[in-house]
Novice: 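Mind having a look at this structure? Questions to follow.
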Amino acid sequence: MRHVLTLFDLSTSEIEAIFALATTLKKAHASGIREPRFAGHVQALLFEKPSLRTRVSFETAFAHLGGTTMYLGADVGWGQRESPADFARVLTQYVDVVVCRANEHARVEQLAAYASCPVINGLTDRYHPCQALADLFTLLEVHGRLAGLKLAYVGDANNVAHSLAVACAHLQVRFAIAAPADYQFDTAFLELLEEHHPSLDLQVTTNPLEAVRDADGVYTDVWVSMGQEAQRQERIAVLRPYQVNGELMAAAPSRARFMHCLPAHRGEEVTDEVIDGPQSIVVPQAANRMHLQKGLLAWILAQ
Ligand code: CP
Ligand code: NVA
């Protein structure tokens, strides 16, 4: 049995196997084939924060594969009505897989520690592995290869940026991050990255123009993530120079595609001109959440 809490939990060849499964299942879906390989299986979505893409793409993916999903929100009382260990032991004996979205990464680790079925991280304050897998899968589709490409992330070095850096390290994609000094990757994350992936070609800069030079993908995310609302004013003030706008995209090669995990705060981290422009792939990128997660579910339930 395996858990996917971060992309450090997977080997590169396992990620490649997940991509291969996702490709097969995406092609089958396009041909109208919805093979019920998980008929009689149940997926629980245990979510502490709101979601559109993650919730709907996992529910839909599992329905296409013949399985059933239950969405568990605040009323199940995770960590409130009983100990987290009792909760985890009981929940995971009923279901085949749990996708969990938690405020704190330690909560997902604790769930997995007591789980008797696989646990998939559907976003925490530190990581968003399913997002990054789908994003690299999308880059592969768009450019036809991954090794040697460059992904430039501009903005807050948040959960999505962490997972993108690890995904790029696995797949030999150069990763550049342009963020203000106080919103860069922290030492703890950089140490983990170096320990697991010493060969990552990582560019850390405070200058967005430097980051997007030679980029094949330009990526941004919100400046105020879920749970950071109290810091909104200061974050917006500091991150303002990191907006992805027409001027910044003009500094990237014309082959560069604009990416965003969504939801976007238009007029903050990205302008309408860019997100609705010809280089933007945000809609097919979101679509690939469903296809990639089918591959991930098929892989994890086969372990
Ligand atoms: N990108 C993403 O995870 O979106 P949701 O928060 O809507 O799930
Ligand atoms: N960084 C964002 C991602 C949302 C999908 C957040 O955590 O709110």
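Keep in mind that this is a model prediction, so the values were computed, not measured. Atoms within a ligand are numbered from 1 in the order they appear, just like the ligands themselves. Below, each value reflects all heavy atoms present in this structure, side chains not excepted, and no hydrogens, waters or symmetry copies.
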Novice: Would you please classify the geometry between the F62 ring and the F38 ring as parallel, tilted or perpendicular, with 30° and 60° separating the classes?
Specialist: parallel
Novice: Do you reckon M1 sits in the same ILVMFWY cluster as L5, going by side-chain contacts under 4.5 Å, direct or chained?
Specialist: no
Novice: Hey, can you tell me if H105 and Y127 have their rings parallel, tilted or perpendicular (30° and 60° cut-offs)?
Specialist: perpendicular
Novice: Which protein residues come within less than 4.0 angstrom of ligand 1, counting heavy atoms only?
Specialist: S51, L52, R53, T54, R101, H128, Q131, C261, L262, R289
Novice: Could you note down all residue pairs passing side-chain hydrogen bond (donor to acceptor under 3.5 Å, both in side chains) where residues 112-123 supplies at least one of them, sequence neighbours left out?
Specialist: T92-S116
Novice: Looking at atom 3 (C) of ligand 2, what's its closest protein heavy atom, distance included?
Specialist: D221 OD2, 3.5 Å
Novice: Given that the side chain starts at C-beta and the backbone is N, CA, C, O, which of these parts of L262 lies under 4.0 Å from ligand 2, counting heavy atoms, or is it both or neither?
Specialist: backbone
Novice: Using a strict cut-off of less than 4.0 Å between a Lys/Arg side-chain nitrogen and an Asp/Glu carboxylate oxygen, indicate whether R126 and D186 qualify as a salt bridge.
Specialist: yes
Novice: Just jot down the ligand 2 atoms closer than 4.0 angstrom to any heavy atom of N158, in number order.
Specialist: 1 (N)
Novice: Between E268 and R235, is there a side-chain N and carboxylate O pair less than 4.0 Å apart?
Specialist: no
Novice: Is a salt bridge present between K150 and D214, judged by a nitrogen-to-oxygen distance below 4.0 Å?
Specialist: no
Novice: What do you reckon, does D156 put a non-hydrogen atom under 4.0 Å from ligand 2?
Specialist: no
Novice: List ligand 2 atoms under 4.0 Å from L123, heavy atoms only on the residue side.
Specialist: 3 (C), 4 (C), 5 (C), 7 (O)
Novice: Quick one: look up the protein heavy atom nearest atom 8 (O) of ligand 2 and list residue, atom name and how far away it is.
Specialist: M226 N, 2.8 Å
Novice: Heavy-atom distance under 4.5 Å between the side chains of V154 and Y219, does that happen here?
Specialist: no
Novice: Would you say ligand 2 has an N or O under 3.5 Å from any N or O of S225?
Specialist: yes
Novice: Do L149 and L133 belong to the same hydrophobic cluster, where Ile, Leu, Val, Met, Phe, Trp and Tyr are linked whenever their side-chain heavy atoms lie under 4.5 Å apart, directly or via other members?
Specialist: yes
Novice: Among all protein non-hydrogen atoms, which one is nearest to atom 7 (O) of ligand 2, and what is the separation to 0.1 Å?
Specialist: N159 ND2, 2.8 Å
Novice: May I ask whether V160 and V212 are part of the same hydrophobic cluster, defined by side-chain heavy atoms of I, L, V, M, F, W, Y residues being less than 4.5 angstrom apart, directly or through others?
Specialist: no
